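Since the structure comes first, as C-alpha cells, the remarks are kept for the end.
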Amino acid sequence: MLTVLLAWTPVALLLAASVGLFLSRDWRWGLIFLAAQYLGMFWLMTLHWPFGLASIKLVTGWMAAATLGVTRPGLSESEPSEASPWPQGRLFRLFIAAIAIVLVVAATPQAETMIPGVGRPVLAGGLLLAGMGLIQLGVTADILKITFGLLTFMAGFEILYATVETSILLAGLLSIVNLGLALSGAYLLTAAPTEEAEEEFPK
Amino acid sequence: MSAPLLWIVLPIALGGFLLFFRDERFLARMSAASALALGLLALVVPIDAALLLGPFSFKLAGTLNVLGRSFILQSEHGSLLAILYGLAAMWFFGAEALGLARRLAPLGLIILGLTVAALAVRPFLFAAVFIEIAVLLSVPMLLPLSQKPGRGILRYVIFQTLALPFILMAGWLLAGVEASPGDVTLTAQSTAMLAMGFAFLLSIFPLYTWIVMLLEESSPYIVGFLLWLLPQATVLFGMGFLDRYPFLRLSSELMTALRVAGLLMAVSAGLSAAFQRRLGRLMGYAAIAETGFLLVALSLGTTDGVQLVFMQIIPRGLGLTVWALSLAVIQSHADPPTFANAQGIARRLPFAAAGVILANFSAAGLPLLAGFPLRLILLEDLATLSSAQTIWLALGLLGLMTGAARTLGVAVLPGAEAGWSSRETRTQAALIALGVAALVALGLLPQVSQFLLKDLPALFERLGQGAL
C-alpha cells in the first residue's frame, strides 16, 4: 500500500503543478509550478534511472526555470496581450484541463500495452505532462506560456522515453534541448520589449 | 584525427569562436573560407583510407565515439560534405554583401556542424535531437533583439520541437517492430508516429504556415539559409529510416501517403504562389513546393527516385541562395517587397530582379535552367505510375511558373523613375550574376555535377531496391 502511495505521489504533484501552471496568470507562480513539475518528473524518473542520472533532469529543469525567472523581471509588468482567439477565463481553462486529464486516464491503460512493464504511475505522469503541455500550446500566444508549454510537453515525453532509453549521450542532448528552449524563450521575451530596445544586430 | 572531428567539431568550435567578433567583413570571409576549405578537403581527403603524401601516409578515421555512441562518416559522405560546405560558403559570402554576416556566419557554421552531426550520429534516430538543437540556435539568427517576435517564429519553434518526441518514440517502436515483424498494430503505431514527426519536421501540408510568416518577419536571406539546410538534412534523415527498415520502404501504403503529401504540398504551394503579391511569400511557397517534389521523388520507391533526391541537392541549394540574396537586396530598397513596391524594380535593381525571376523559373522547371532536368525526370517517372498525379504535379509547376511570370511583369513595368540603372553594390551584382550563371550552366549541362553525386546513393544501399 505504501509502495503504491509512494509511486502515485509524484503523479499527484505533477497533476497539481501542471494544472496550476496552466491556470496561473502570474509569471512567478508559473515558475514555481514549473519547478515543482521538474521535481515530480525527477521523482518518477528515479523509478527507472539511477539517482545521479535522474538528477540531471531536475538540475536542467530548474536551470531552465531560473533562466526564465531572471529574464522576466526585467520586462514590463503589464499583462502581455493574448492574441489567441480562445477564451482565456480560468473556468474555461479548468474545463479543458479536466478534459485532458480524462483523456490521460482513458489512454493510460492503452499506453501500458505499448510500453509494458513500466508501471501505470510513470505512464500517467508522462502522458499528463505531455497533454497539459499541448493544451498550453494550443490556447496561448504569449511567449512565456508557450515556453512553459514546450518545456512541459518535453518533460512528459522525457518521463516516457526514460523508461525505454538510458543513453547518457541522449540524456545530455535532451538537457541541451531543454536549456535551449528556455534560452530561446528568454531571448524572444527580451526581443524588443520596449520602444527603446537597443539595436544589437542589423535587421 | 577523425573525420567527425574535422567536419563536425571544428565548424562548431569555429562558429563559437566567431561569436566573439563583430567585424562583418572578417566574419563573412573567415566563415566562407573555412566552409570552402572544409568542402575542398572533403573532396580530396579520403575518409578511412590511407592518403599518401610523398613519403608520408595519413589516414582520417571515420568514427568518433562519444559517451558510448558513435559519429560515423564514411568515404561516401565525402561528396555530400563537399556540396554542403561548398554551398554554405556561398551563403556566407552573400551575407557580407547584405551586411548580415554577424547574424548568419557564426551561428550558421554551428548549425552546419550540427547538421553534419545529424547525418553522422549512430543510432541515426538521435539525428532528430541535433536538428532540434540547430533549430533552437537559429532563433537569434532569425530575430534581432530590436524586433518584436511574430507568430511565424513562434510556430517555427513549436512545430520543430513537437517533431522530436514523435521521431524518438517512433524509433523506439520501430526497434520493437524489428523484433516482432508480424505485429501489425505495432507497425501501424510506429509508422503513424514517424509520419507525425516528419510532418512537423518537414512542414508537410498543412503545417507549413510558419514558412511564409517567417519570410515576412525576418530577413529572407537567413530564412532562405534555413530553408535550404534543414529540410535537406531532414530528407536525408528520413531516407535513413526507409533504408534501415525494410517494412517501411516496401510499404506501398507509405509510399502512396508520401506521394499524396508531396503532391498536396506542390499543388497547394504552387497555386498559392500563382496568386501571391508578395515576393517573400513567393519564395516561401516555392521552397514548400520543392519539399513536395522531394517527397514525390522519394515516394517513387525506385533507384531513379533516390537518384533524383540527390540530383536536387545542388540546384535547390543554388536556386535558394540566388533567390534569397536577390530578394534581400530588393527588400533593402523596397520594404516590404510587395508587387506594389517592386513595380519597375528591374529598372533600378536589374541583377536582383533577374536573380529572383530566374530562380523562381528554375524552381518551376523552365527549360534551360537548373530545375528543368529534375522536373522533367520527375514528371516522366510519375507518369509511369499515374497520369492523374502527373497532371496535379504539373499544375503545381504551372502555379510556380505563373508566380514567376507575374513577378517578371511587375518588375519591368515603368516605375516612378525613368531609365535603367543598377543600384546593387558590385559584390551583390557579382554574386547574383555568378549564381544566375551557375543556374543556367546547370540547366544546359546538368551532367557537370555528376562527379559529386555518383557516390551518394551508396549512403543508402538498400533504398530504391523495393518495387512498389
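All values derive from a computational prediction rather than experimental measurement. Numbered from 1 within each chain, the chains take letters A, B, ... in sequence-line order.
I158(B) touches chain A through backbone and side chain together, each having a heavy atom under 4.5 Å away. Heavy atoms closer than 4.5 Å to chain B are found in the side chain of I146(A), but not in its backbone. For L173(B), the part lying under 4.5 angstrom from a heavy atom of chain A is the side chain only. In this structure, chain B has a heavy atom under 4.5 Å from the side chain of E165(A), while its backbone stays farther away. For a residue to count as touching a neighbouring chain, one of its non-hydrogen atoms must lie under 4.5 Å from one of that chain's; by this rule L142(B) does not touch chain A. M154(A) touches chain B through its side chain: at least one heavy atom from C-beta onward sits under 4.5 Å away, while N, CA, C and O do not. Of the atoms belonging to L137(B), not a single heavy atom falls under 4.5 Å from chain A.
A donor-acceptor contact closer than 3.5 angstrom is absent between the side chains of R103(B) and S219(B). Side-chain contact check for S203(B) and W210(B): at least one donor-acceptor pair (N or O, by modelled atom type) lies under 3.5 Å. In summary, the side chains of Y156(B) and S138(B) do present a donor paired with an acceptor at a separation below 3.5 Å, with no hydrogens or angles considered.
Looking only at heavy-atom pairs under 4.5 Å with chain B, the residue among T147(A), I176(A), L170(A), T113(A) that has the most is L170(A). The candidate with the highest count of non-hydrogen atom pairs below 4.5 Å against chain B, out of L137(A), V177(A), L183(A), is V177(A). Most heavy-atom pairs under 4.5 Å with chain B, from the set L150(A), V164(A), L173(A): that is V164(A). The residue among L168(B), V121(B), I133(B) with the most heavy atom pairs within less than 4.5 Å of chain A is L168(B). Of the residues considered (L134(A), I115(A), I168(A)), I115(A) shows the highest number of contacts with chain B, using heavy-atom pairs under 4.5 Å.
Nearest heavy-atom pair across P149(B) and I143(A) is CG-CD1, 3.4 Å. The shortest heavy-atom contact between V329(B) and H333(B) is O-ND1, 3.1 Å.
The aromatic ring centroids of F198(B) and F241(B) lie less than 6.0 Å from each other. Between F33(A) and Y38(A), the ring center distance fails the sub-6.0 Å criterion.
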Would you please test D23(B) and R25(B) for salt bridge (Lys or Arg N to Asp or Glu O under 4.0 Å) and show each step?
CA-CA 6 Å; D23(B) 183 59; R25(B) 182 172 290 187; over 6 Å; no

